[in-house]
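Values below: every heavy atom of this structure, side chains too, minus hydrogens, waters and symmetry copies. Letters A, B, ... mirror the listed sequences (proteins, then strands); counts begin at 1.
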Number of protein chains: 2
Amino acid sequence: MRTAKNDRQEMIIKLIKEHDISTQDELTSLMKKNGFAVTQATCSRDIKELGIIKVTLPNQVSKYAVLDRTGDVAPGRLLNVFSNSLISCKSAMNMVVIKTLPGMAQAAASALDSMHLQYVVGTIAGDDTVFVAAPGTEEANALVSTIDDMMSAGNMSSEE
Amino acid sequence: MRTAKNDRQEMIIKLIKEHDISTQDELTSLMKKNGFAVTQATCSRDIKELGIIKVTLPNQVSKYAVLDRTGDVAPGRLLNVFSNSLISCKSAMNMVVIKTLPGMAQAAASALDSMHLQYVVGTIAGDDTVFVAAPGTEEANALVSTIDDMMSAGNMSSEE
DNA sequence: CATTAAACTGAATAAAAATACAGATTAACT
DNA sequence: AGTTAATCTGTATTTTTATTCAGTTTAATG
């Protein structure tokens, strides 16, 4: 069921994505302009529920940003989630192409990101494929080995 | 040169990585236990400088976390929304990998697209990463320069 | 050195965000 | 419907964070 709260939180996400908002009072005003009668207290609660964060940009100005929630997991679990959803891993020039179970690519990429592996310049995920950019062909090959190792490590089905 | 401030900020990062800290007062106490006589005001300033954020975990508990900025944040003052959402920009062979604030990649890619820059063959965006394909390595490097310029556009004085 | 400017920091305070409390609304069940 | 429990939200307040102001230290230059 679609509640008023759902609509409100959706609008909050929309506004935060579209505008540079740096205080909850600002957000509250914007919400009112968009037809949502809310107070700062409610915005505070919604922001907390939605896991929205306040980031400080390099120019020392801060603003709210919507954070995707896959990021903060314990390392062990991370490796597990990652390795269990992988199907294959190959390199193509300086790119590593990882195949995952359907719908797992986002989670796998996010897990990979938080491992901070050497040579990973960046990752992009679709539904069942992750692209990883490496500096060059050599590094991409090295990454494939590393990831292959993790795939076998994760099969030792012991949990935390 | 290694200043007292450097040491202090390094310790702050260390403590935040190792402990679950949810207020600056907590951090201040921990700092004191580790031999750094600081006040909450200084912690606040350091946290801001370091781009450290406060995240709300899925269980609704919040804590500070070090946001990975890949170390190479571009200097200078950022102007518009596009450049404000960029964190870093590197090339890897013929690819340009752009890191953005969480949730900003789509917007950044779309903004980039509408600029019709030379050499941009195509872009694809995840949550906080944009891949840009260029015809070759040279062109990718040129693109990085162009984007770096945009990131520091509007700075008052020369670089630090 | 001496002088001036810049960077840094603490104490006090202002600004912003989170929450206790109470009333209102909704849900679930009899 | 009536009852109870749970969820939700605004007001007022507390808690937390950012900043102002003034004093200090550090750095740069004559």
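Looking only at side-chain heavy atoms (C-beta outward), A/S22 and A/Y64 stay at 4.5 Å or farther from each other.
To the nearest angstrom, P of C/dA6 lies 16 Å from NZ of B/K5. Between the CG atom of A/L27 and the P atom of C/dA16 there is a distance of 14 Å, given to the nearest Å.
For A/K32, the side-chain contact (heavy atoms from CB on, under 4.5 Å) partners two or more places apart in sequence, or in a different chain, are A/T28. By the salt bridge (Lys or Arg N to Asp or Glu O under 4.0 Å) test, A/K5 pairs with A/E49, sequence neighbours left out. Every residue two or more places apart in sequence or in another chain that forms a side-chain contact (heavy atoms from CB on, under 4.5 Å) with A/T129 is listed here: A/V97, A/K99, A/F131. Judged as a salt bridge (Lys or Arg N to Asp or Glu O under 4.0 Å), and not counting sequence neighbours, B/D25 has no contacts. Residues meeting the side-chain contact (heavy atoms from CB on, under 4.5 Å) test with A/A125, sequence neighbours left out: A/A105, A/Q106, A/A109, A/V130.
Over its length, the helix from C/dC1-D/dG30 to C/dT30-D/dA1 turns its helix axis by 40°, as judged from the five terminal pairs at each end, rounded to 10°.
Phosphate contact (OP1/OP2 of C/dA16, side-chain N/O of A/Y64, threshold under 4.0 Å): absent. One finds a side-chain N or O of B/K54 lying less than 4.0 angstrom from the OP1 or OP2 phosphate oxygen of D/dT17. B/K48 has no side-chain polar atom (N or O) that falls below the 4.0 Å cut-off from OP1 or OP2 of D/dT17.
Within a heavy-atom distance below 4.0 Å of DNA chain D, the residues of residues 11-25 of chain B found are B/S22, B/T23, B/Q24. Of all the residues in residues 32-46 of chain B, B/A37, B/V38, B/T39, B/A41, B/T42, B/R45 reach under 4.0 Å from DNA chain C with at least one non-hydrogen atom.
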Only pairs under 3.5 Å count here: list side-chain donor-acceptor contacts from residues 35-44 of chain A, not counting sequence neighbours, and write none if there are none.
from  : atom 1 : to    : atom 2 : distance (Å)
A/Q40 : NE2    : A/Q24 : OE1    : 3.0

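Both B/I98 and B/L117 are assigned to one and the same hydrophobic cluster, defined by single-linkage of ILVMFWY side chains at heavy-atom distances under 4.5 Å.
Here salt bridge (charged side-chain N to carboxylate O under 4.0 Å, His left out) pairs that include residues 131-147 of chain B, with residues two or more places apart or in two chains, number zero. The stretch residues 11-24 of chain B participates, sequence neighbours left out, in these salt bridge (charged side-chain N to carboxylate O under 4.0 Å, His left out) pairs: B/K14-B/E18, B/D20-B/K63. Within the structure, every pair that satisfies the salt bridge (charged side-chain N to carboxylate O under 4.0 Å, His left out) test and touches residues 37-46 of chain B, not counting sequence neighbours, is listed here: B/R8-B/D46.
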